[in-house]
Amino acid sequence: SAAAERPERIARYAQRMDATWTHAPQLMAELEQALTAGDVVVHYQPQVEVLTGRVLGVEALVRWQHPVHGTIPPVAFVPAAERTGLIRLLTLYVLDRSLAQCATWREEGINLTVAVNLSVRNLLDPGFVAAVRAALRHHHLPASCLELEITETMSMVDPVRSLEVLTDLDRLGVALSVDDYGTGHSSLAYLQRLPLRRLKIDRSFVMGVVDDVASAAIVRSTIELARHLGLSVVAEGVEDDATLLALAEMRCFAAQGFGLARPAPAEQIPGLVAGIEARVPTVLGIGVPQP
Ligand code: C2E
Ligand code: MG
Ligand code: MG
Ligand code: MG
């Protein structure tokens, strides 16, 4: 079926783009043009507080709506954008779109934080903190609306420089998260020296919490350790209610995954939030909160 072929087609496309990127400046130019033309869009995926079933925020996930190739996922162009430096522009674009959306939701009475993924280049860019400050000011938003996600390995490229940037972002009031925790080689002992507020456990562990004893042990002990270090844990890749219940039992702070909501265009988010907040408290056995 077309659906079954799609991941393979995407992978092939990613490979081709990756292999030809440096020899095909037109592709880079195409992405740059797509940014100006509005062909790069941001989808949002809800993050749900496990204790209450409330949606606290959304993660911003970029998609390229290519006129010929259709929707291209980030794996197919973010790595290439990182190598060529276009990622700087891409990050600022996603940041601007996400904050604009956050401001719009607030005007509608929907209070959601937005989490934006960073690239290692952003942590080495001397102008990055000022750009974040300017973007918040431009959209009249407090820094508490914004979260920034980094991966474990990012801060290791230039630990001194990146600690400076992370410290400045933290002082600004932006919440910093470690993404895909468990897939890198850092320890919590190393990470606790960074000004982090959240730990996002990689979905490869979360997906096994119900059936796999080792994954369950890893997730449970990570939540425990993180709590002692003052970090709140977000589980990614929550695909079903059984996983959500297991995480609730482990006192995980928040959950994100297809079982709660898939990433979706901004206009679908208010409906998805209402659906989650009507359904999830019942799943958790805590009843629907009174208005
Ligand atoms: P990530 O930051 O770890 O984002 C989570 C990815 O997991 C998203 O894929 C999301 O659609 C997917 N996901 C969420 N829930 C589930 C689930 O229950 N099951 C499964 N199997 N997958 C789930 P997506 O949108 O394709 O993004 C892939 C990666 O691309 C992201 O991983 C992030 O590293 C990168 N990325 C996305 N947007 C941006 C961006 O604006 N800037 C940068 N630098 N990187 C981005
Ligand atoms: Mg992320
Ligand atoms: Mg992640
Ligand atoms: Mg990931």
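All ligand and atom numbering here is 1-based and tracks the order in the structure.
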Legend entry - Test item, Glu59 contacting ligand 1 (heavy atom, 4.0 angstrom): yes
Inset, instruction - Classify the contact between Gln45 and ligand 1 as side chain, backbone, both or neither, using a heavy-atom distance cut-off of under 4.0 Å. - result: side chain
Inset, instruction - Would you indicate whether Arg161, at its atom CZ, is surrounded by more than 12 heavy atoms from other residues, nucleotides or ligands within a distance under 6.0 Å? - result: yes
Inset, instruction - Measuring from the Mg ion (ligand 3), name the closest N, O or S atom belonging to Glu236. - result: OE1
Legend entry - Leu141 and Leu146, any side-chain heavy atoms less than 4.5 Å apart: no
Legend entry - Heavy-atom side-chain contact between Leu272 and Val55 under 4.5 Å: no
Inset, instruction - May I ask you to say whether Arg203 pairs ionically with Glu236, meaning some side-chain N is under 4.0 Å from a carboxylate O? - result: no
Inset, instruction - Find out whether Arg197 and Asp170 are in side-chain contact, i.e. whether some heavy atom of one side chain is under 4.5 Å from a heavy atom of the other. - result: yes
Legend entry - Sub-3.5 Å N/O-N/O distance, Val62 and ligand 1: yes
Legend entry - Enumerated ligand 1 atoms positioned under 4.0 Å from heavy atoms of Pro74: 24 (P), 25 (O), 26 (O), 27 (O), 28 (C), 30 (O), 36 (N), 37 (C)
Inset, instruction - For Glu239, counting its heavy atoms only, list the atoms of ligand 1 lying under 4.0 Å from any of them. - result: 17 (C), 18 (O), 19 (N), 20 (C), 21 (N)
Legend entry - Arg227, CZ: over 12 other non-hydrogen atoms inside 6.0 angstrom: yes
Legend entry - Distance-only polar pair, side chains of Glu59 and Gln45, donor-acceptor under 3.5 Å: no
Inset, instruction - Return yes if some donor-acceptor pair links the side-chain N/O of Asp212 with the main-chain N/O of Ser215 below 3.5 Å, else return no. - result: yes
Inset, instruction - For the residue pair Val157 and Leu123, establish whether any side-chain heavy-atom pair is separated by less than 4.5 Å. - result: no
Legend entry - Under 2.8 Å: N/O/S of Glu59 next to the Mg ion (ligand 3): no
Inset, instruction - Could you confirm whether Ser177 has any N/O/S atom lying under 2.8 Å from the Mg ion (ligand 2)? - result: no
Inset, instruction - Compute the shortest N/O to N/O distance between Phe258 and ligand 1 and return yes if it is under 3.5 Å, no if not. - result: yes
Legend entry - Donor + acceptor pair across side chains of Thr243, Asp240 (<3.5 Å): yes
Legend entry - Linked, directly or transitively: Met154 and Leu231 (ILVMFWY side chains, under 4.5 Å): yes
Inset, instruction - Check whether any side-chain heavy atom of Leu86 lies under 4.5 Å from a side-chain heavy atom of Phe77, and answer yes or no. - result: no
Inset, instruction - Record the part of Arg262 in heavy-atom contact with ligand 1 below 4.0 Å; permitted values are side chain, backbone, both and neither. - result: neither
Inset, instruction - Please state which part of His43 comes within less than 4.0 Å of ligand 1, counting heavy atoms only: side chain, backbone, both or neither. - result: neither
Inset, instruction - May I ask you to check whether Asp179 brings an N, O or S atom to under 2.8 Å from the Mg ion (ligand 3)? - result: yes
Legend entry - Atom name, Glu149 (N, O or S, nearest to the Mg ion (ligand 2)): OE1
Legend entry - Per-atom contacts, ligand 1 versus Gly257 - under 4.0 Å to a heavy atom: 15 (N), 18 (O)
Legend entry - ligand 1 contact on Asn117 by region, counting heavy-atom pairs under 4.0 Å: both
Inset, instruction - Examine Thr91 against ligand 1 and note whether any of their N/O atoms are separated by less than 3.5 Å. - result: no
Legend entry - Options Arg203, Arg97, Met154, Glu236, ranked by nearest heavy atom to atom 7 (O) of ligand 1, top entry: Arg203
Legend entry - ligand 1-proximal atoms of Gln256, by part, heavy-atom distance under 4.0 Å: neither
Inset, instruction - Under 4.0 Å, heavy atoms only, figure out whether ligand 1 is touched by the backbone of Leu90, its side chain, both or neither. - result: neither
Legend entry - the Mg ion (ligand 3) reached by Asp180 (N, O or S, under 2.8 Å): yes
Inset, instruction - May I ask you to decide whether Asp241 forms a salt bridge with Arg279, counting only side-chain N to carboxylate O separations under 4.0 Å? - result: yes
Legend entry - Options Leu61, Val42, Val206, Asp179, ranked by nearest heavy atom to atom 2 (O) of ligand 1, top entry: Asp179
